[in-house]
Amino acid sequence: MRRQLPFFFVFLFGTFMVVQNFVPHEYSERAKEFLSDWTIIIGIFALALGIWSLIHVSLDKINKRKPNWEYSFVTLVGLVAMIFFGFTANVSGSWLTYFAALMVLLISLWLLVQGILGAGAGVTKAKEKFFAGIGLAAIFTFIALYDKSWAFHFYTSEGLENPLFKHFFSDIMVPLQATMFALLAFFISSASYRAFRARNLLATLLLIAALIVMLRFTPGPWGDLISKTSTWVMNVPNLAAQRAIVIGIGLGMVATALKVILGIERGYMGKG
Amino acid sequence: MNWFERFMKLDRRWIYLFLITVCLLAYYSDFTVPTIREKETGAIYNFIDSLPAGEVIFVAIDYDPSSQAELHPMTYAIIEHAFRKNLKVVFTALSQNGPGMADQAIHDIADSMRVEQTYNGVSYPAREIANGVDYCFLGYKPYYALVITAMGQDFRTPFPADYYGTPLDSLPLMKKLHNYDDISIVVEVSSGNISDAWISYGQGKFGFPLAMGLTGVMTAQYYPFLQSGQVMGIMGGLLGAAQYEDMADNPGLAKDGMRVQLPAHLVIILFILIGNIGHFASRKNRKNVQS
Amino acid sequence: METVGIWCGAILTLAIFSFLYKDNPVYKACEAIFIGVSAGYYAIVYFFDSIYKKFWLGAVTADQPEEWLFGGAILGVLFLTRLFPKISWVARWPLAFIVGATAGLYMVNYFVTNAMNQVASTITDVIARGDAGDINWIQSFGTLVILVGVITGLMYFFFSKEHKGAFGGGAKVGIWFLMVTFGASFGYTVMSRMSLLIGRMDFLLGDWLGLIN
Amino acid sequence: MKNLFNMSRFKIVFTVCVLLSLYSFVNAQAPAVTTVGITPPAPVTELTAVDTDNDHGHSITVKWTPSADDGAGANNVLGYRVMRSNSFEGPFNDTVGVVPLGSTNFENSSSIEEGAEGFIPDNTDFYYRVDALTGDSLVFSSSEVTGPVHSYGQWFNKGLIPVFFAVIIFTALTVLFVSAARKGKELYVRPLAGIEAVDDAIGRATEMGRPILYVFGLGVASDIATIASFTILSRVAKRVAEYQTNLIVPCYDPIIMTVAQDIVKTAYMDAGRPNDYKEDAVFFITQAQFAYVGAVNGIMIRELPATNIYMGKFYAESLMLAETGVVSGSIQIAGTDEIAQIPFFVVACDYTLIGEELFAASAYLGREPLLLGSLKAQDYAKAAVLVLALLGILAVNFSGDLGLTWLVNFKDWFKVID
């Protein structure tokens, strides 16, 4: 019974949404809006599981001294610091007590979690660490209540304006993101060197099409001819193949959706 | 290991080193690259150029900082052209990390208008671009598909107030603007799936002319929509921006970029040739050895 | 504060580029920072985006609250049962909701956009006439090639039919078309990747070292 | 109710110029006209107002035949003003829209939100009147009143009838072939290189004693490509459980992580080795695209997996993963429905499932008759698409000479109005 019920729900929600596509009525529009809101809210609860998995894996790596375990410390500190920044807003200019509170929070969380994981995860003196953690947590709450220079904001989003939160985003995440993306310029050159070899007919077609399009803006006598052929290649054969793939994907998606709703395909529910 | 084996098995790090050195050299040289003019970009330029002063265009800056390097030249070229022609512009930024960058880009372009410029022989006086009069920045709202459909009924439904929090009704520009019927053209600059929503939920439902600025990789995927008429023009990657700048006679970010693009492409083609020369030579050698 | 930000960005940029040479401790540290900070960042952004804005303002403290949203919260809580192995099978219900609703929603949507509309745009007049009625040969050849490309491309994707004889020939032509389009789109994207690298060079040489004229 | 302000800028400008031009035209033409001004034009005839079809309600379409003096006769009609009131005799002071000369209809609609500006409640009676306007705002002629009419939402969108039939046919095909497969009918399926490679790749990983890396990419649980990827993971996990190879599944989306953990745990249970399931085989990294890619690249370089399997939705990071995979010497099998990324996988990976092949993979891996049956239905649908496209092209090109005029509107069957 436990395994059949979810498939009944899939069939129920699936047919409802298929029918909803054909009903323009106001109620069906509202239903679609609410159901997509549900998915987003479920997403947040799942995110809690995700963050716990990240913490659990990092701690496991540290406790068992797996290779590269030192870097898991950096990940955990980054995670906790960022969440701390996100929920707090600095009232007055002085940052000293703010950072002191953060340090205390980090150490107390570290000890608490080690204590909770306990001996099973190879943690020595788990009980003492747990109580030390509780003690530090008390100190932290004391600072949080009486230090006027900063405050927690769970119900309003002032945290997003916290300068540290914004600078961590603009000075750490954005350059890292842009540079990782820029690595592609190098990867594209090594991939094309390795793969564009006229080994057989298909590889030769791949090579010729790529060369034509890559030369599309080179100046020179027959520069105009190449750019015209490259536009033609993009507008005609490329269009045809894209359309064939798009139709194929469309039918593939509809078939997969149908298999899932009718319960023919059950793999995703873990029944291999 | 004879020469053609080495040709075929070059260490990738040599390629990377060679690529970065060529880019640095090109970076500091100053030869200009002549650009061709494709009709996909020409369609957008001619449409905007033909609009009488006072018309309203809608520019959707739907990308985030990571693809800014490739898409900013297009946004700058389009908005500079629009402000020069005294067109009014309504902006949105429907990508989650985009609003801050879009806001900064708008102010950049508005400041650049304070200088007198001549384009295609026509001189344009210095202008003060005012928020709420010359442009209105609606900002970001999550779930772009719902926002695009809602703006078809009224901009006020998803955006009661603009990015800076002032209600739309108190902005002189927005008093007369309600939905897409009041917009002459929507120019959507993005690096991916927000464009699909603009095609099916925007242009598909409300039928306004839709132009697109896309990263190189996405351009190929949207040609079918150009051919079926759902999209009236496409600017593909930096080349599209360079063409627009060329037509608007306003050399800017794209022209500088092209100076490095050409040598970089030639480096890649060079290594492809090296690989193939090595391949053919080794195949010929293997034939000789067998026979 | 500004220069600290730029120096921080520059160091991180060089550390990531060092990965091209070899995996090294500096890259490992940057990777760890990036994972931790981004996980924390998106946890906060999604928390305020959905729980705070949609659920807290929309359902709990709104004047006419949308009670429907509580349904989502209940399903979300069911998801947390994963933490307790004994009752973790309950977590399958919210999953059933997500998978079922998605399948139903996209089934018709993609059928229309991908299959129907694309077939409609394939059905065009092969012989393209100029405005004066004279046959525009290049255009007509183009539409003919598109027609052949779409049909042979589709033939390649047939699963339950042996690729032999005439049908096999059609499928072979189809894969040629696919290879041309893959080569063309690969070549087309080289430029966009290069502009990303140029963007980083602007940052390093311009903002950081100030060497740009 | 769209009031005067709602008229688009373009329409205002247009009407104003026409007004000015006509005003000057009238003065220039007839200098001798008496000061009485313009004679009122003929009123609009056959005025009808009906609920707009195929919509979510709150919208009424008003239709009329233009006044005799519009473009002919006295030719002094500038435009039409649509007025609305709540009762037949009631004061008509509610202008819902002004349309330029020559128009024959106007859609008076509002959004579904209660408080929206100009909200039209459903199922409430309204009466409409259309005035033919002239250059002189005082001179206009009103048509008779039409009504009562009320707006309501339709329960079936007639514009989607072609889609409705297509979905019904497709479902019938699938059920037909699945039941045929259930009765044991042997179904031929052409070999797919990418799929056969999965089995040998798992064998290779087992011999070399190195892990298998399974990557879902940047898809979320509500992507169909991700659902297809789940089905592939469930079959890979079954073999991994039997051969006891090491499996690493780094996840970008927490919901996918939860589902994948469930799939792998069940695979180990079905293989009778519940305690071999390692809790951290499936783990979450982060929801930022490039932090996730950095982490997976790090895993590849440090764990040196024998096989990398990329199935699901991928964006710009496809080439980054594939190139790092080449550096770490792994066999790479990729499958995605993201068209822009297929070229990178084709170039950099050993085997690539192109678009639709990703969705067919689960049928191949499991060799289950039911799934092969649904593949057959997919092929018949493709054959139908091919035939219909050819028929359509025949109709469009040769309709004239072959007298297949009825085929001409064939194309409209595919045009979807939603």
Side-chain angles (χ1 to χ4, degrees), chain A residues 18 21-30 39 42-43 46-54 56-57 60 67-68 173 176-177 180-181 183-184 187-188 190-192 194-196 206 242 245-249 251-260 262 264-272, chain D residues 54-57 112 153-157 160 164 167 170-171 174 178 222 224 227-228 230-231 234-235 237-238 254-255 257-259 262-263 266-267 270 280 283-285 288 290 293-294 302 316 319-320 323 326 337 339 347-348 354-356 358-360 362 370-371 374 377-378 381-382 385:
Chain A
V18 169
N21 264 294
F22 293 100
V23 172
H25 195 276
E26 191 181 327
Y27 295 140
S28 99
E29 231 170 90
R30 287 200 195 288
T39 318
I42 292 172
L47 183 60
L49 289 179
I51 299 287
W52 169 243
S53 156
L54 178 63
H56 181 71
V57 164
D60 192 50
N68 298 315
M173 278 179 70
L176 280 172
Q177 222 167 340
M180 290 293 287
F181 210 174
L183 286 185
L184 269 173
F187 286 150
I188 224 169
S190 59
S192 46
R194 196 186 66 255
F196 287 147
L206 198 75
Q242 297 262 2
I245 302 175
V246 160
I247 293 177
I249 288 174
L251 292 177
M253 274 191 180
V254 173
T256 310
L258 202 59
K259 280 187 278 187
V260 163
L262 298 179
I264 301 166
E265 174 62 71
R266 296 177 174 235
Y268 62 92
M269 217 52 115
K271 208 186 81 35
Chain D
N54 293 335
D55 71 344
H56 51 70
I112 52 176
Q154 277 67 33
W155 285 98
F156 179 71
N157 181 346
L160 291 177
F164 185 70
V167 167
F170 195 91
T171 316
T174 309
V178 163
S222 54
I224 299 216
I227 296 174
F230 286 143
T231 57
S234 76
R235 285 164 178 95
K238 215 148 93 72
I255 301 178
M257 173 200 84
T258 329
V259 175
D262 196 48
I263 291 175
T266 325
D270 291 353
D280 292 340
F283 54 94
F284 173 75
I285 297 182
F290 288 108
V293 165
R302 291 161 210 147
L319 188 62
M320 296 171 77
E323 267 303 295
V326 166
D337 68 343
I339 302 164
V347 163
I354 301 168
E356 193 180 355
L358 166 71
F359 299 110
S362 68
L370 302 187
L371 295 174
S374 108
Q378 233 176 295
K382 252 193 293 287
V385 162

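Naming convention: chains lettered A, B, ... in sequence-line order (proteins, then strands); numbering from 1 in each chain.
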*Do M253(A) and E356(D) have side chains that get closer than 4.5 Å, going by heavy atoms?*
no
*At their closest point, which heavy atom of G50(A) faces which heavy atom of F284(D), and how far apart are they?*
O-CD2, 3.2 Å
*Go through the atoms of F196(A) and report whether side chain, backbone, both or neither lie under 4.5 Å from a heavy atom of chain D.*
side chain
*Indicate the atoms forming the closest heavy-atom contact of S374(D) with K259(A), along with that distance.*
OG-CD, 3.2 Å
*Side chain, backbone, both or neither: which part of V347(D) has a heavy atom under 4.5 Å from chain A?*
both
*With chain D, which of I188(A), V57(A), I247(A), L184(A) has the greatest number of heavy-atom pairs at distances under 4.5 Å?*
L184(A)
*Can you see which heavy atom on Q177(A) is nearest to which on F290(D), and at what distance?*
CG-CD1, 3.7 Å
*Let me know if M257(D) has heavy atoms under 4.5 Å from chain A in its side chain, its backbone, both or neither.*
side chain
*Heavy-atom pairs under 4.5 Å with chain A, option from F170(D), F359(D), F230(D) with the top count*: F359(D)
*Which residues pass the side chain to side chain donor-acceptor pair (under 3.5 Å) test with S362(D), sequence neighbours left out?*
E265(A)
*Can you check whether R302(D) reaches P67(A) side chain to side chain, under 4.5 Å on heavy atoms?*
no
*Which atoms of A381(D) come close to chain A, meaning under 4.5 Å heavy atom to heavy atom: side chain ones, backbone ones, both, or neither?*
both
*Under the criterion side-chain contact (heavy atoms from CB on, under 4.5 Å), which of I245(A), I249(A), T256(A) is the partner of D337(D)?*
I249(A)
*Residue among I339(D), L370(D), T258(D) with most heavy-atom pairs under 4.5 Å to chain A*: I339(D)
*What residue in V326(D), V178(D), L358(D), V167(D) has the most heavy-atom pairs under 4.5 Å with chain A?*
V326(D)
*Please report the closest heavy-atom contact between L251(A) and K382(D), naming both atoms and the distance.*
CD1-CG, 3.5 Å
*Which portion of V293(D) sits near chain A, non-hydrogen atoms under 4.5 angstrom*: both
_Listed partners of N68(A) passing side chain to side chain donor-acceptor pair (under 3.5 Å), at least two apart_ = K28(C)
*Do P254(D) and L49(A) come within less than 4.5 Å of each other through their side chains, counting heavy atoms only?*
no
_Looking at every non-hydrogen atom in both residues, tell me the closest pair between A255(A) and Q378(D) and how far apart they are._
CB-OE1, 3.3 Å
*CD1 on I285(D) to OG on S53(A), rounded to 0.5 Å*: 9.0 Å
*asked:* Counting only non-hydrogen atoms closer than 4.5 Å, does L258(A) touch chain D with its backbone (N, CA, C, O), its side chain (CB onward), both, or neither?
replied: side chain
*asked:* Which heavy atom of G43(A) sits nearest to which heavy atom of I255(D), and what is that distance?
replied: CA-CD1, 3.9 Å
